[in-house]
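Below is one structure, written out as structure tokens; the observations come after it.
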Amino acid sequence: MARILIVDDEVHVVGALRRLLRREGFSIEVALGGEEAIEKLATFPADVVISDFRMRGMNGLELLGQVLRIAPSAVRVLISGHADLSSGGPEAGVISHFISKPWDDDRLIADVRALLGAQRSAS
């Protein structure tokens, strides 16, 4: 069972993603910010980290940069309503995939499954 860490400082967003992904059979852990996410990764070896971009304290791009260093095999997904982040740029090596808000449930599930499939093929 794939392990997914969801990171967002908005409780309702975390809850919606948790319900959606748990229904699909994934093992889910949540964090309400970047620092908490780093702590969770010490005991929850996530296959996928899904993080919002705009959070208080550490933003999602900073978090995923740290995830790349401490859990390099984890797929790093950034979720944001800011389309300018989807175009690539210096963050391209940090982010495995970008999902726009508001997300489409079916598309998000398909993307996560495809990313997990690619991850398994690479290892």
Side-chain angles (χ1 to χ4, degrees):
M1 174 187 313
R3 297 169 306 265
I4 301 176
L5 176 61
I6 301 165
V7 189
D8 198 309
D9 59 358
E10 294 184 45
V11 175
H12 70 281
V13 172
V14 167
L17 286 169
R18 177 193 295 164
R19 284 187 299 278
L20 173 65
L21 294 165
R22 195 171 271 160
R23 266 196 323 253
E24 296 297 317
F26 297 114
S27 174
I28 306 297
E29 194 63 52
V30 300
L32 296 175
E35 293 296 331
E36 183 181 351
I38 298 299
E39 291 171 15
K40 295 258 178 160
L41 285 171
T43 58
F44 183 78
D47 298 302
V48 178
V49 177
I50 299 175
S51 179
D52 186 33
F53 175 67
R54 289 200 175 185
M55 297 185 291
R56 290 179 289 285
M58 183 186 310
N59 73 38
L61 195 54
E62 293 166 335
L63 168 62
L64 294 178
Q66 289 195 34
V67 170
L68 177 59
R69 285 190 293 284
I70 63 176
S73 64
V75 175
R76 297 163 312 281
V77 178
L78 189 68
I79 253 184
S80 179
H82 303 281
D84 57 322
L85 292 172
S86 65
S87 60
E91 65 276 0
V94 171
I95 301 168
S96 306
H97 189 68
F98 178 84
I99 296 175
S100 294
K101 278 185 177 178
W103 66 84
D104 173 85
D105 287 353
D106 293 333
R107 181 79 234 154
L108 187 140
I109 295 298
D111 288 350
V112 167
R113 290 194 184 285
L115 289 163
L116 285 165
Q119 179 191 46
R120 286 189 191 105
S121 296
S123 52

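Every heavy atom of this structure was used, including side-chain atoms; hydrogens, water molecules and symmetry mates were not.
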Atom pair [atom1]/[atom2] of [X] and [Y] - distance to nearest 0.5 Å:
| X | Y | atom1 | atom2 | value |
| --- | --- | --- | --- | --- |
| H97 | L115 | NE2 | CG | 5.5 Å |
| M1 | E24 | CE | CD | 12.5 Å |
| I4 | S27 | CD1 | OG | 8.5 Å |
| Q66 | L61 | CD | CG | 11.0 Å |
| E29 | R18 | CD | CZ | 8.0 Å |
| K40 | L32 | NZ | CG | 8.0 Å |

Any heavy-atom pair between the side chains of [Y] and [X] that's under 4.5 Å?
| X | Y | answer |
| --- | --- | --- |
| R23 | I109 | no |
| V77 | V112 | no |
| L108 | L17 | yes |
| L5 | V67 | no |
| R3 | P45 | yes |
| I6 | V13 | no |

For the residue pair [X] and [Y], what are the closest heavy atoms and their distance?
| X | Y | result |
| --- | --- | --- |
| A74 | A46 | CB-O, 3.5 Å |
| V7 | A37 | CG2-CB, 3.6 Å |
| A16 | W103 | CB-CZ2, 4.3 Å |
| E36 | V30 | OE2-O, 3.9 Å |
| N59 | F53 | CB-O, 3.2 Å |
| L63 | S51 | CD2-OG, 3.6 Å |

Tell me whether [X] shares a hydrophobic cluster with [Y], the cluster being built from Ile, Leu, Val, Met, Phe, Trp, Tyr side chains joined at under 4.5 Å.
| X | Y | result |
| --- | --- | --- |
| I28 | V48 | yes |
| M58 | I70 | yes |
| L68 | V75 | no |
| I99 | V49 | no |

**Request:** Mind running side-chain contact (heavy atoms from CB on, under 4.5 Å) on L116 and F26 for me, showing each step along the way?
**Result:** CA-CA 11 Å; L116 285 165; F26 297 114; 3.5 Å; yes
**Message:** Checking L21 against I50 for the side-chain contact (heavy atoms from CB on, under 4.5 Å) test, could you report, in this order, the C-alpha distance in whole Å, the side-chain angles of both residues, the deciding distance, and whether it holds?
**Reply:** CA-CA 11 Å; L21 294 165; I50 299 175; 3.9 Å; yes
**Request:** Report the residue from D111, D104, D105 that forms a salt bridge (charged side-chain N to carboxylate O under 4.0 Å, His left out) with R107.
**Result:**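 Only match with R107 under salt bridge (charged side-chain N to carboxylate O under 4.0 Å, His left out): D111.
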